[in-house]
> 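Got a structure for you, written out below as structure tokens; questions coming shortly.
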Amino acid sequence: MNDIPASQDKAAPRYDFRAAEPRWQAAWDERACFAVPDVPPAEAKKYYVLEMFPYPSGKIHMGHVRNYTLGDVVARYKRARGHLVMHPMGWDAFGLPAENAARERGTHPAKWTYANIANMREELKRMGLSLEWAREFATCDPEYYGQQQKLLLDFWKAGLVERKESWVNWDPVDGTVLANEQVIDGRGWRSGALVEKKKLSQWFLAITKFAPDLLEALGGLDRWPERVKLMQSNWIGRSEGARLKFALTAPVDGMADVEVFTTRPDTLFGMSFLAVAAEHPIAAAAAARDSKAADFVAECRSMGTSEAVIEQAEKKGFDTGFRVKHPFTGQEYPVWIANFVLMEYGTGAIFGCPAHDQRDLDFARKYGLSVTPVVLPKGADPATFAVGNEAFTDDGTAFNSGFLDGLDVAASKRRAIAELESLGAGQGVVNWRLRDWGVSRQRYWGCPIPFIHCDDCGVQPVPDDQLPVRLPDDVDFSKPGNPLDNHPTWKHVACPNCGKPARRETDTCDTFVDSSWYFARFCSPRAAVPVTKAAVDAWLPVDQYIGGIEHAILHLLYSRFFSRAMKETGHLSVEEPFAGLFTQGMVQHESYKGADGRWLYPEEVEFSLAADGTRSAVVKGGNEPVTIGRVEAMSKSKRNTVDPGAIIAKYGADTARWFILSDNPPDRDMEWTESGVAGAYRFTQRVFRMVENALPSLPPAGTTPEAEGRALRRATHRCIATVTEALETFAFNVAVARLYEFANAIEAAKDAPGGAKREALEMLARLAAPMMPHLAEEAWSMLRPGDGSLVAQMAWPEADPALLVAESVTLAVQVLGKLRATIEVPVGAGEEAIFAAAEAEENVQRAIAGKPIRKRIHVPGRVVNIVV
RNA sequence: GCCCGCCUGGCGGAAUGGUAGACGCAGCGGACUUAAAAUCCGCAAUCUGCAAGGAUGUGCCGGUUCGAGUCCGGCGGCGGGCACCA
């Protein structure tokens, strides 16, 4: 199937989506179907549906189509269920790509961004989403980021904003801070220079103050996916352990000891070394004394700041020559610098027990350090137990461990901590993996952080009446470094406290800050304060939030922090921003490569099918062979993208929506296929034709369905029940399948009386409406001409329970768990009668083969199992 | 490397521990047509058998159960995240 024939076969009715879709979109607009007040009436059942807002890259992609279709189904369904539904849309508009565009094409980030927004808004409007566009904003609007600055100042007053030093990726050639994605194999993406770690003084939000609450409150999020909660829980990373000090045998630069954190104080007797991070003061001291140590520290520094890179790097170390004393035995151990010890976690120093930690073991084997097992697996012989290349990390019994011998791991930990405490060498502590949130970015296209640096008065907040701190329009991207810092005048400002010349903060916010409270701003998007209390109290929390699984940790955790911080500063009453969360899978497509290995767009490729079923492909209009590659996430670099704009223009929004919902469960990755879209298109035409063809034979609207139409009516009401259940559980692909079945059933019921048929067709339109809203309106308007009602404003249909009860059921009959027959029995048949019927089956007799029956199992409505 | 998922026909998938493969896509056969498209009817997990039927089958290995796609343990493959991409 290639193109949709526009005008063939005049005799067959054809649904003209090109005319119908804009017409129904206009009808919804005119009646303001999707508008809600900032403060809903007290009796209203509010429901806030939100999809993660898009980054305005220029065009919508299939991931957006999927995300917003899913949200729209929920919004339309909940509206029909009588809720007052808020469903807004906006733009996550700050970020790196706008600056890249400015550098590459000389377009100003604002101009580029707003042009992209204008284009994407039109594309989204063509999807027929039930959005309330009056609430739209972009995070780069000064009205938005100005309110964000107010929030930051409130957070600052509440002690939630701090300045600390932290490490960044530094490109020494470009003189810029690099994002992790801009570091490729340890080098800057533009300059190719080896990246260094550099320490900068930066702004932080004190998310760690909420760590215990962020963890505990996960338990109350009963409409969040378990895996997301688990990932957040692991990220926050509460662990119980001990902090303890190892005394240096001789002081180093005034340091008398090295403090480590461990979750395994029970393995202290198995220690073989102590290791510190390359950023640790001990490492600095070693580097100052020994050029080889300095080289090693420099090597670690060139690894960048990404944890993934650090942990995957080959484990390397350097023996500083310093030595520490064991707190229990007084024995001495070497102090190493190790590239796998993270300065940000614990104290930046560990003690190594190779027998019971895999990384320590790898390290010890590499450098020939001792490996002493101190936890004995159950049933192992202490005389012969040895650790090979696999550390033993399970529970067991302490041995080789002095006063800990004989204890299990948990008891041994407690005993070791007690001993450390009584010696004054350490104490039991709770440690968190979660770090404070560094929000400083040395970039132009972000929300300016509203502080002023004065040499006399220190850091001063920008006074409220000087907000928003606007980005300057005239910026120069040709010089290296932060354009705000380079700007000739922008940063020069009088100190608000003493009036002397001072400097504006030139760091801007991490864009995650922008997206951490937009859900609240939507409730009163034009307010002259960050949020109006009445609006957020009425609408929050978001009842259903929908977005990609890639945001499972950072964005969602930051938003949860923000709502807590906004509560503490009096802006919100809720702690949790999102009561319900649904995470969708990615949209994927086959990828294609030409003979020379270049990536090809799907529309450049022509396919053919061989007799044996193998597909092959050539470049369109020629015979250059094409390699059909893997199905993988759509990406520009692999050119395996499909432009939703083109699909909607060709097939219509309903087709695109229907296909994207039908293909697979929404939380799984889906594959976009052209043939699947064509199938969805055929179904839209089929529904239209069914209604069109039936119209002459239908009785007037409101006719009571006839008793003799019972079979079709049962199908109708079963469809209402099953589609409703599927929509409630996000099983949209199942809802689609039920509607296909129902359409098949209607067509099969050719002889059904008119009233039953009318009911069936009306329900088909109404049940499909959340998924293909335009066609539903079109069909409804044909079935109810002159009625003037919109499906978008109608209540959801209710199934008649009397039509749902079955009269008989089919039971599977198994012998020894293997299916041998099926029997049809009346509902409520007695168990003895059922067994008799089952055993009467010829096939069942053959399987029993005269053996004595040991047991009969009957699961009503399901199965009979005969055990012989 | 660490954390978290996923894996069912040619393909996407369905299936409260109870008839595996609903529904769709692709395919095949037929009707209609001068022909094609569109549409309609039918077939279809694999192997075996004329058929009735039988055997096998939900990534792999093992376990629990009358019964496992589903629960448990181990392994493999693929994907998401790892704090400056959004």
Side-chain angles (χ1 to χ4, degrees), chain A residues 1 5 8-9 12 14 52 54-55 57 92 95-97 168-169 177-183 225-228 230-231 233-235 237 305-313 315 340 344 358-359 362 434-435 437-443 510-512 515 548-555 557-558 583 585-586 588 609 613 615 630 632-633 659 662-665 667-671 673 675-680 682-683 685-686 689 731 733-734 736-741 744 747 810-814 816-819 821-822 842-843 846 854-857 859 861-867:
Chain A
M1 144 140 228
Q8 284 172 20
D9 197 356
R14 208 163 251 295
M52 291 179 185
Y55 179 79
S57 57
D92 188 14
L96 275 180
V168 294
N169 296 312
V177 177
L178 297 176
N180 280 335
E181 71 157 12
Q182 296 174 322
V183 180
E226 285 305 320
R227 61 174 162 148
V228 173
L230 193 53
M231 281 190 265
S233 167
N234 289 338
W235 186 264
T305 59
S306 159
E307 192 176 315
V309 171
I310 292 167
E311 292 222 18
Q312 274 174 90
K315 288 170 190 49
F340 62 89
E344 292 83 9
Q358 192 61 47
R359 283 190 302 192
D362 296 344
L434 184 67
R435 310 201 293 262
W437 176 12
V439 296
S440 280
R441 299 292 182 268
Q442 291 70 38
R443 308 190 195 291
D510 179 6
T511 56
F512 272 124
S515 55
I549 185 68
E550 67 273 20
H551 293 293
I553 296 174
L554 292 180
H555 162 61
L557 192 62
Y558 291 151
T583 51
M586 290 183 309
Q588 307 180 316
L609 199 64
R615 281 167 77 230
R630 295 195 311 154
E632 52 193 319
F659 171 61
S662 70
D663 190 60
N664 67 351
D667 57 346
R668 276 206 226 164
D669 292 347
M670 76 166 286
E671 184 190 352
T673 58
S675 57
V677 184
R682 279 202 298 275
F683 186 67
Q685 292 296 336
R686 184 176 158 208
R689 215 166 33 238
N733 58 322
V734 179
V736 166
R738 296 294 166 250
L739 286 165
Y740 270 113
E741 281 174 3
N744 293 344
E747 289 193 324
T810 308
L811 289 183
V813 183
Q814 301 175 339
L816 283 171
K818 277 189 195 288
L819 181 73
T822 57
E842 195 185 327
N843 230 13
R846 186 159 43 219
R854 295 213 322 249
K855 195 172 174 185
R856 293 182 176 95
I857 290 150
V859 181
R862 294 281 180 187
V863 76
V864 169
N865 191 11
I866 295 162
V867 186

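Reminder, nothing fancy here: chain letters follow the sequence lines and each chain counts from 1. Worth saying up front: this structure is predicted, and the values here are computed from it rather than measured.
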> Could you tell me whether the side chain of Glu311(A) and the main chain of Glu307(A) form a donor-acceptor pair under 3.5 Å?
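Not at all, since once roles are kept as given, no pair shorter than 3.5 Å links the two residues.
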> Within the structure shown, what part of the strands sits under 4.0 Å from Pro665(A) by heavy-atom distance: base, sugar-phosphate, or nothing?
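Sugar-phosphate: the residue Pro665(A), judged by heavy atoms under 4.0 Å, touches backbone atoms but no base.
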> Identify the nucleotide, in any strand shown, that forms a Watson-Crick or G-U wobble pair with G77(B), with both distances under 3.5 Å; if there is none, say none.
C6(B)
> If you check every side-chain atom of Thr810(A), which of G5(B), G53(B), U19(B) has the closest atom?
U19(B)
> Roughly how far apart, to the nearest Å, are C6(B) and A55(B) at atom P?
33 Å
> Touch check for Phe512(A), heavy atoms < 4.0 angstrom, all strands: base, sugar-phosphate only, or nothing?
base
> Under 4.0 Å, counting only non-hydrogen atoms across every strand here, what does Ala308(A) touch: a base, just sugar-phosphate, or nothing?
base
> Counting only side-chain heavy atoms from C-beta out, which of C7(B), A86(B), C4(B) sits nearest to Tyr55(A)?
A86(B)
> Return whichever of Ile866(A) or Asn664(A) has its heavy-atom-nearest nucleotide of RNA chain B closer to the 5' end.
Asn664(A)
> Closer to the 5' end of RNA chain B via nearest nucleotide, is it Glu311(A) or His551(A)?
Glu311(A)
> Are any of Asn180(A)'s side-chain N or O atoms less than 4.0 Å away from OP1 or OP2 of A83(B)?
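Yes, because at least one side-chain N or O of Asn180(A) sits under 4.0 Å from OP1 or OP2 of A83(B).
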> Once you round it to whole Å, what is the distance between C1' of A51(B) and CD of Glu842(A)?
13 Å
> For the side chain of Lys818(A), starting at C-beta, report the closest nucleotide among C82(B), U56(B), A83(B).
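Nearest to the side chain of Lys818(A) among the choices is U56(B).
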> What's the closest nucleotide to the side chain of Leu554(A) if the choices are C82(B), G80(B), G24(B)?
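Selected nucleotide: C82(B).
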> Nearest whole angstrom, please: distance from the P of C2(B) to the CD of Glu307(A).
12 Å
> Can you tell me the distance, in whole Å, between the CZ atom of Phe659(A) and the C1' atom of C23(B)?
14 Å
> On a plain distance test, is the side chain of Gln442(A) in donor-acceptor contact with the base of C84(B) below 3.5 Å?
yes
> Using Watson-Crick or G-U wobble geometry with both distances under 3.5 Å, which nucleotide pairs with A55(B)?
U46(B)
> By the 4.0 Å heavy-atom rule, please label Val177(A) as base, sugar-phosphate, or nothing.
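Base, at least one base heavy atom under 4.0 Å.
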> How would you label the contact of Trp235(A) with the nucleic acid (heavy atoms, under 4.0 Å): base, sugar-phosphate, or nothing?
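Base, at least one base atom sits under 4.0 Å.
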> When rounded to the nearest Å, what value does the distance between C1' atoms of A14(B) and U8(B) take?
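Approximately 10 Å lies between the C1' atom of A14(B) and that of U8(B).
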> Syn if the chi torsion is within 90° of 0, anti otherwise; quick check, which is G9(B)?
syn
> For Ile857(A), which contact category applies under a 4.0 Å heavy-atom criterion: base, sugar-phosphate, or nothing?
base
> Of the nucleotides G80(B), A86(B), A15(B), which has the atom closest to the Val734(A) side chain?
A15(B)
> Just to be sure I understand the rule, does Arg441(A) reach a base, reach only the sugar-phosphate, or reach nothing, if contact means heavy atoms closer than 4.0 Å?
base
> Base, sugar-phosphate alone, or nothing: which one does Lys315(A) contact when heavy atoms must sit under 4.0 Å apart?
nothing
> Starting the side chain at C-beta, find the nucleotide from U39(B), G54(B), A14(B) nearest to Arg682(A).
U39(B)
> Nearest to the side chain of Arg668(A), which nucleotide is it out of C84(B), C23(B), G13(B)?
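Closest nucleotide to the Arg668(A) side chain: G13(B).
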> Looking at C66(B), G24(B), A86(B), which one has an atom nearest to any side-chain atom of Thr511(A)?
A86(B)
> Answer yes or no: side-chain N or O of Arg854(A) and base N or O of C66(B) forming a donor-acceptor pair under 3.5 Å.
no
> Can you tell me how far P in G29(B) sits from the matching atom in A15(B), rounded to whole Å?
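My reading of the P atoms in G29(B) and A15(B) gives 33 Å.
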> Any idea which of C3(B), G12(B), G53(B) is nearest the Asp663(A) side chain?
G12(B)
> Taking a pair as Watson-Crick or G-U wobble with both distances under 3.5 Å, which nucleotide is matched to C84(B)?
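Paired with no nucleotide.
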> Look at all strands and tell whether Ser515(A) reaches a base, only sugar-phosphate, or nothing, counting heavy atoms closer than 4.0 Å.
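Nothing, no heavy atom under 4.0 Å.
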> Any base atoms under 4.0 Å from Val168(A), or only sugar-phosphate, or nothing? Heavy atoms, all strands.
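Result for Val168(A) = base.
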> So if I take every side-chain heavy atom of Arg689(A) and compare against G5(B), C23(B), U39(B), which nucleotide ends up nearest?
U39(B)
> Can you say whether the rings of Phe512(A) and His555(A) are parallel (under 30°), tilted (30 to 60°) or perpendicular (over 60°)?
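Rings of Phe512(A) and His555(A): parallel, under 30°.
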> Please evaluate the base of C66(B) for a donor-acceptor partner in the side chain of Asn865(A) within a cut-off of under 3.5 Å?
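Answer yes: a donor N or O sits under 3.5 Å from an acceptor.
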> Specify the separation, in whole Å, of atom CG of Asn733(A) and atom P of C23(B).
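After rounding, the gap between these two atoms is 14 Å.
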> Have a look at Leu811(A) and say if it touches a base, only the backbone sugar-phosphate, or nothing, with a 4.0 Å heavy-atom cut-off.
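No contact.
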> If I pick the C1' atom on A44(B) and the same atom on G21(B), what distance separates them, to the nearest angstrom?
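Roughly 12 Å separates the two C1' atoms.
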> Taking any strand in view, what nucleotide pairs with A22(B) in a Watson-Crick or G-U wobble way, both distances under 3.5 Å?
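Base-paired to nothing in any strand shown.
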